[in-house]
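In what follows, a single structure is set out as structure tokens and then discussed.
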Amino acid sequence: QVQLVESGGKLVQTGDSLRLSCAASGLTLSSYAIAWFRQAPGKEREFVAAISWRGGSIDYADSVKGRFTISRDNAKNTMYLELDSLKPEDTAVYYCAADLDSRRVITGPKYWGQGTQVSVSS
């Protein structure tokens, strides 16, 4: 059974940094493309960042480019999202995702985590 479990979300202040983790079980992350999404209250879920399964391609949403960093540790079977210079508009539930296909991981991943709440106060 595949499980993706996020952690690290909390209440922070504007300008703070945070690292989200997503531990995988039931699959080997090194063989998968991985991604992070977020959903703010009253809004649709949106793409944040992704790495292709070979790691050769990294994509970011324009709204987080230069502030967020996606990475993975294959030895720990875990992916991360480093969030820097946080803004109130970054407040959302953050979800990790994985898929064997590097395009589908952005458009409609097969595996999802349950989400972790990040709240940024002004």
Side-chain angles (χ1 to χ4, degrees):
Q1 182 182 0
V2 174
Q3 278 194 314
L4 300 176
V5 180
E6 301 97 334
S7 62
K10 64 179 182 179
L11 174 63
V12 296
Q13 294 185 336
T14 297
D16 283 353
S17 297
L18 199 59
R19 189 176 79 160
L20 306 181
S21 301
C22 175
S25 60
L27 59 79
T28 302
L29 270 185
S30 60
S31 298
Y32 283 75
I34 59 173
W36 288 90
F37 293 76
R38 68 185 181 184
Q39 186 167 20
K43 295 187 177 181
E44 293 187 353
R45 186 154 50 188
E46 65 175 0
F47 166 77
V48 174
I51 299 180
S52 63
W53 77 271
R54 289 184 176 178
S57 176
I58 301 178
D59 295 304
Y60 293 96
D62 288 342
S63 58
V64 307
K65 203 170 293 184
R67 299 188 300 120
F68 290 9
T69 304
I70 185 173
S71 64
R72 63 173 150 203
D73 185 331
N74 292 335
K76 295 183 178 180
N77 216 32
T78 299
M79 67 174 89
Y80 304 97
L81 186 67
E82 185 78 32
L83 296 74
D84 296 318
S85 302
L86 281 161
K87 306 173 182 179
E89 51 264 43
D90 294 319
T91 295
V93 177
Y94 284 73
Y95 299 89
C96 60
D99 198 287
L100 287 171
D101 186 272
S102 295
R103 295 179 185 176
R104 199 164 55 225
V105 78
I106 297 175
T107 60
K110 182 174 183 179
Y111 301 111
W112 290 91
Q114 83 290 347
T116 186
Q117 176 71 48
V118 173
S119 299
V120 185
S121 65
S122 57

*Determine, step by step, whether Cys22 and Leu20 satisfy the side-chain contact (heavy atoms from CB on, under 4.5 Å) criterion, reporting the C-alpha distance in whole Å, the side-chain angles of both residues, the deciding distance to 0.1 Å, and the verdict.*
CA-CA 7 Å; Cys22 175; Leu20 306 181; over 6 Å; no
*Distance-only, no hydrogens or angles: does the Arg72 side chain make a donor-acceptor pair with backbone N or O of Leu29 under 3.5 Å?*
yes
*Only one of Val105, Asp99, Leu100, Leu27 passes side-chain contact (heavy atoms from CB on, under 4.5 Å) with Tyr111; say which it is.*
Leu27
_Could you check whether any side-chain heavy atom of Arg38 comes within less than 4.5 Å of a side-chain heavy atom of Asp90, counting everything from C-beta outward?_
yes
*Is the shortest heavy-atom distance from the side chain of Leu86 to the side chain of Phe68 under 4.5 Å?*
yes
*asked:* Classify the ring geometry of Phe37 against Phe47: parallel below 30°, tilted from 30° to 60°, perpendicular beyond 60°.
replied: perpendicular
*Please tell me if the side chains of Tyr60 and Arg67 come closer than 4.5 Å, counting only heavy atoms from C-beta onward.*
no
*Below 4.5 Å, heavy atoms only, C-beta onward: do Thr91 and Gln117 meet side chain to side chain?*
yes
*asked:* When you group the ILVMFWY residues by side-chain heavy-atom contacts below 4.5 Å and let the links chain together, are Ile58 and Val64 in the same group?
replied: yes
*How are the rings of Tyr95 and Trp112 set relative to one another: parallel (under 30°), tilted (30 to 60°) or perpendicular (over 60°)?*
perpendicular
*asked:* So Glu6 and Trp36, do their side chains get closer than 4.5 Å, heavy atoms only?
replied: yes
*Value rounded to 0.5 Å, distance of OG in Ser25 from CG in Leu4*: 7.5 Å
*Looking at side-chain heavy atoms only, is the closest gap between Pro88 and Thr14 below 4.5 Å?*
yes
_For Thr116 against Gly8, the heavy-atom pair lying closest together_ = OG1-N, 4.2 Å
